[in-house]
Amino acid sequence: MIQGKTAAEIFECVRALAQSQTLRSGDSLPPVRDLAAQLGVARNTVASAYRRLVVAGIATTHGRLGTIIRNQYEPSEQEGAQTDSPLTDLASGNPNVAWLPDVAAALQRTAYTPKLYGEPTVNAELKAYIQQWMAPDCPPNFEVDLTHGAVDGIERLLSAYLVAGDKVAVENPCFLSSIHTLGALGFQAAGVSVDSEGMLADELEAVLSKGARAVIITPRAHNPTGCSLSQQRAQALSKVLAKYPNVLIIVDDHFALLSNATYYSVIPNDAIRWALVRSFSKALGPDMRVAAVASDSATSKALGLRLTSGTSWVSHLLQDIVAAIVTQPQTNELLAKAKHDYHQRRQLLEQALHQHGIACQMQGDGLNLWIPLQVDDQSIALALARRGWLVRHGASLAVDDAVNGLRITISDITPEQCEKLAQDIKRSVG
Ligand SMILES: Cc1ncc(COP(=O)(O)O)c(C=O)c1O
């Protein structure tokens, strides 16, 4: 069905087939060698057409699955609550609303003065707070910017430096929104496995040596596995990154305000392009769409340009509220209680699973608990849905190689639910 003698013709033909839905999202394109033989052209010609399809976002490369068609406009699985589902939702990744600060009260304490075009983009009080917060974890002389959440920051940082088709190293399994961001921008995700100490340094090196231009590393509360970098692993990753000075290093410390783990930096002191991104979404609520970005000054300028061409700055109204909340002593108490509560809920589920002989990632951090599986996780998730539970399975979070497991959001799970869920997982895994 695919025709053409030149790379441009093959590209246009596949594009037309995808647009007419003759080729559908998820359909595999023939292996390069087969299509080249069939069309009587050089393999390079087909390979070049496939590369263009990936850059244009019409196809993606999926490790051993080869090149597959992707529908850019079809809504795909997203993070967040399934408000129309009758199931008990343990898939949302949401924080517990009981632990979110009172934004309305903060709003009343905030005296808003109008801001005009051209004024400083970051509220001075918030900037001072962020500088103090970030300084121990950053190379010296960093700049502070704000974005509309971590995902927005990561998207702008990547698009400031990379071009479509570039490879980005990410953890496998990976945070769903990072997978979508890369897809939407036409970047290729290159998966790096994780263990209980975080991203594997030798696999990162392998991916960087093959030309990845950027890496996104989650130092704490990796989503979905919950693991955090050990000091040793952070040093090993830093050593690898020091060998690739042109790679953009993005550290997504999304759970910073609530994390129980120590922060270990992977950013070499003389790194050229780096950014440490800390979101307020989990601690203050996902609607507080603000993330702090600390970076070297060239990266800060590049990010500034990417902001100027879009929303320009994060509304000062929102910044003022965030500043009013984070600088209040009561907020620290609330965050400490939230941390303790999330930790307890996680432990309860860990214990219940342990009692039923189900292995899980122990002593994780974040709002999710990960259960690695040796069996097909989609069928287990389906079996759990029949028993009334909505959980996320690894297939949707896998980058290139398959990952089998279940992600359970623990933020408002009750002791009774822990016991019942553990029983149901045991029955479903059989
Ligand atoms: C790895 C990771 N990064 C970032 C975020 C939050 O992103 P945002 O600040 O855009 O809400 C999450 C939320 O679940 C996450 O798991």
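This chain uses plain numbering: 1 for the first residue, then up along the sequence. Just so you know, ligand 1 is whichever comes first in the structure, and atom 1 is the first atom listed for that ligand.
Residues passing the ring-ring contact (aromatic ring centres under 6.0 Å, His included) test with F11: none are found, sequence neighbours excluded.
Geometrically, R213 does not engage Y161 in a cation-pi contact defined by less than 6.0 Å to the ring centre and at most 45° from the axis.
In this structure, the side chain of H222 engages the main chain of P173 through a donor-acceptor pair within 3.5 Å. A donor-acceptor contact shorter than 3.5 Å is absent between the side chain of R407 and the backbone of W370. Remark: side-chain polar atoms of R220 are not paired, donor with acceptor, to backbone N or O of G366 under 3.5 angstrom.
The two residues V429 and I380 have their closest heavy-atom pair at CA-CD1, 3.9 Å.
Near ligand 1, residues G149, A150, V151, F175, N223, D252, H254, S279, S281, K282, R289 each place a heavy atom inside the 4.0 Å sphere around the ligand atoms.
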